[in-house]
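Any value given below was found using the heavy atoms of this structure, including those in side chains, with hydrogens, waters and symmetry copies removed. Numbered from 1 within each chain, the chains take letters A, B, ... in sequence-line order. Model, not experiment: these values are computed from the prediction.
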Number of protein chains: 2
Amino acid sequence: MDLRRLRYFVAVAEARSIGKAAERLRMAQPPLSVQIRKLEAEIGAPLFRRGTRGMDLTEAGQALLTRASEALALAVDGAEAARAVAAGRRGRLSVGYMFVLANAMLPRLIPELRRSVPGVDLDFAELSASTREARLLDRSVTVALCMPAINHPEIQVARIGAQRFMLAMPIRSPLARLGTVPMERLQGRPLIALPPPEQDPASSAVAALLRRHQIVMPIASRVETVHSALSLVLAGEGLAIVPACAKLGAPRGIVFRPLRDAADSIDVAVCWRRDSQSPLISRFIKCAEKVVARM
Amino acid sequence: MDLRRLRYFVAVAEARSIGKAAERLRMAQPPLSVQIRKLEAEIGAPLFRRGTRGMDLTEAGQALLTRASEALALAVDGAEAARAVAAGRRGRLSVGYMFVLANAMLPRLIPELRRSVPGVDLDFAELSASTREARLLDRSVTVALCMPAINHPEIQVARIGAQRFMLAMPIRSPLARLGTVPMERLQGRPLIALPPPEQDPASSAVAALLRRHQIVMPIASRVETVHSALSLVLAGEGLAIVPACAKLGAPRGIVFRPLRDAADSIDVAVCWRRDSQSPLISRFIKCAEKVVARM
DNA sequence: TCAACCCATACGTTTTCGGTATGCCAATGG
DNA sequence: CCATTGGCATACCGAAAACGTATGGGTTGA
């Protein structure tokens, strides 16, 4: 069963004549006649009644015609759909994100994306650092919004901005009086930490910052997310060092202060599989850059 | 866009490997590899990611896969549907009939047909004699139940039985006393006639019967159908000479009597276009014969 | 009876497809 | 570190299929 034959068949059925159909198909009449007879031989039944004034579908031919037209349409539609997906005009863009970042970015990012990639299904999932990496690798997400970037040979990274570290504390903490908190004031105070570096690279940036200033902060608790950390800070369990964007959506009663002499920041990055060459990725990066720039 | 290529593509996508797919397709690996690359060239985008352990669909490939599978299924289904119609396993059988006959036959004919041609859509239409002929010729009905047969070079006929002529009269008519009515008793009595022979061949059979016995009956009325004739008979407008099957469904107050010395009968026939070679027609004839035999 | 129209057949040419042989690359194992 | 294995890609050749030109045959209509 050959698609060319079906195309010829449909043309002849519509033109009700081999000659007319051959003209429309830009070919000579005899080979078309041959192809139609071969199709009839393949089906095992006549598809046309040959009259003296052209061809006319038999009932079997009509049964074939409807399905053949559909099959043809599906084939060209399939090719077009594949091209559209390859060109980024259609498809799915699945984004893995972390809540701290997304809370600040998504409200602007989503409309930006809808404008930039119309016709593409968007799909967002809040994921922990290690899950983001895993789901990038198994391709169940297309891109991940990370802070900091994922470090993995298969994963490619585009830095789209940075977030300064801020100290988060309860509003009635004595440090809250200061506009900027000197690093040495952190010495010995309890820290609400994120999971250790092997699970979440964010905490290694904090650790590096403290180490550089020779500050030791005992770890009062380890929590999964920045927002959990802020809850413990509010409860007086300790201080947290978090990216500036955590301000958005932080509970009332928490204040944020920059750390004096510590211009440290943490990279905001888009990560994706090195072998995913979808044009949606660069479009996503452009959108994310634009949103981060205005944060 | 070639259906073979799509078939190969689907096979490779399912096997996730060119080698495995080639095995399943009973062909060597290199030509399959070539065909896949040709398909990718035609689409203009890679459909697979080539890994060291086989092939994996890209997003574009997935978009193509769903449609390609559907197109393949439709193509084979189309071929099968055409074969089924040609073999009479599916299709449509459109029957044109006259009410007198159908009234007696349809209740048995329809179940018979459903058993004989399951899967075929049945379609019945009551049509006048001239309309039956016209709609056979333009193929809007497949077969016609006629009494008598249609006479036309393009139309083929199978005689499936005959109906004796009966005299229909009001129950209180003096002739009703007789078990059999001698032809000479009809002389001069008013006749309720059907349309003239050029419109309905049935009336020419009646005319021939009367002429042979040298009976003249003035025509009191011409009506379209046998049942209209019976209504006028009931009203006392005249007598009617009708096929025996008219008894079924005749209004109360009408009696039917055979005509003595007149074994005349009118053929019951199935008619169809000479060039409609559908196997449904012979099945229909068999069913109709069976039903007529038990009338 | 002739011309026009339309489909079918015949034959030579060209395109395309499939098979075999072989190369390249990465992962695996001693 | 080298050899082996597994998988896809490339090259070349023979075979099959399709297309075009030329032509035949049947029907319609002037």
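The A/Met27 side chain lies nearest to D/dC19 when the options are D/dC19, D/dT21, D/dA9.
Between B/Ser17 and D/dG7, a side-chain N or O to OP1/OP2 separation shorter than 4.0 Å is absent. Residue A/Arg53 places no side-chain N or O under 4.0 Å from the OP1 or OP2 atom of D/dT28.
In this structure, B/Arg16 atom CZ and D/dG7 atom P are separated by 13 Å, rounded to whole Å. In this structure, CG of A/Asp2 is placed 11 Å from P of D/dA17, rounded to the nearest angstrom. Across the protein-nucleic acid pair, B/Arg4 atom CZ and D/dA16 atom P stand 14 Å apart, rounded to whole Å. One can place NZ of A/Lys38 at 10 Å from C1' of D/dC19, the figure rounded to the nearest angstrom. Between B/Ile36 atom CD1 and D/dA9 atom P the separation is 9 Å, expressed in whole Å. Atom-to-atom, CG of A/Leu3 to P of D/dA18 comes out at 13 Å; the value is rounded to the nearest Å. Protein atom CD of A/Gln29 is 15 Å distant from nucleotide atom P of D/dT23, rounded to whole Å. Rounded to a whole Å, the CG atom of A/Leu32 is 12 Å from the C1' atom of D/dA18.
Residue contacts shown for B/Arg5 are limited to sugar-phosphate atoms, with no base heavy atom under 4.0 Å away. A/Phe48 comes within 4.0 angstrom of nothing in the nucleic acid, heavy atoms only. Among the protein residues, A/Gly51 comes within range of no part of the nucleic acid, since none of its heavy atoms lies under 4.0 Å from any strand. Within the 4.0 angstrom heavy-atom criterion, only backbone atoms of the sugar-phosphate kind lie near A/Gln35; the bases stay farther away.
A salt bridge does not link A/Glu14 with A/Arg7: every distance from a Lys NZ or Arg NE/NH1/NH2 to an Asp or Glu carboxylate oxygen is 4.0 Å or more. A salt bridge links B/Arg273 with B/Glu154: the distance from a Lys NZ or Arg NE/NH1/NH2 to an Asp or Glu carboxylate oxygen falls below 4.0 Å. Between B/Arg89 and B/Glu80, at least one side-chain nitrogen of the basic residue sits less than 4.0 Å from a carboxylate oxygen of the acidic one, meeting the salt-bridge criterion. Salt bridge annotation for A/Glu112-A/Lys286: absent, with no cationic side-chain nitrogen under 4.0 angstrom from a carboxylate oxygen.
Annotation for B/Val157 and B/Ala149: closest pair CG1-CB, 3.5 Å, computed over non-hydrogen atoms.
Nucleotides of DNA chain C with any atom under 4.0 Å from a heavy atom of chain A span, from 5' to 3', C/dC5 to C/dT9.
Annotation: the span from B/Asp56 atom CG to B/Arg16 atom CZ amounts to 4.5 Å, rounded to 0.5 Å.
For A/Tyr8 and A/Pro30, each mapped to the nucleotide of DNA chain D holding its nearest heavy atom, the one lying further toward the 5' end belongs to A/Tyr8.
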Please lay out, stage by stage, how A/Ile43 and A/Met1 fare under the test side chain to side chain contact (heavy atoms under 4.5 Å, CB included). CA-CA 9 Å; A/Ile43 299 291; A/Met1 180 55 64; 4.2 Å; yes

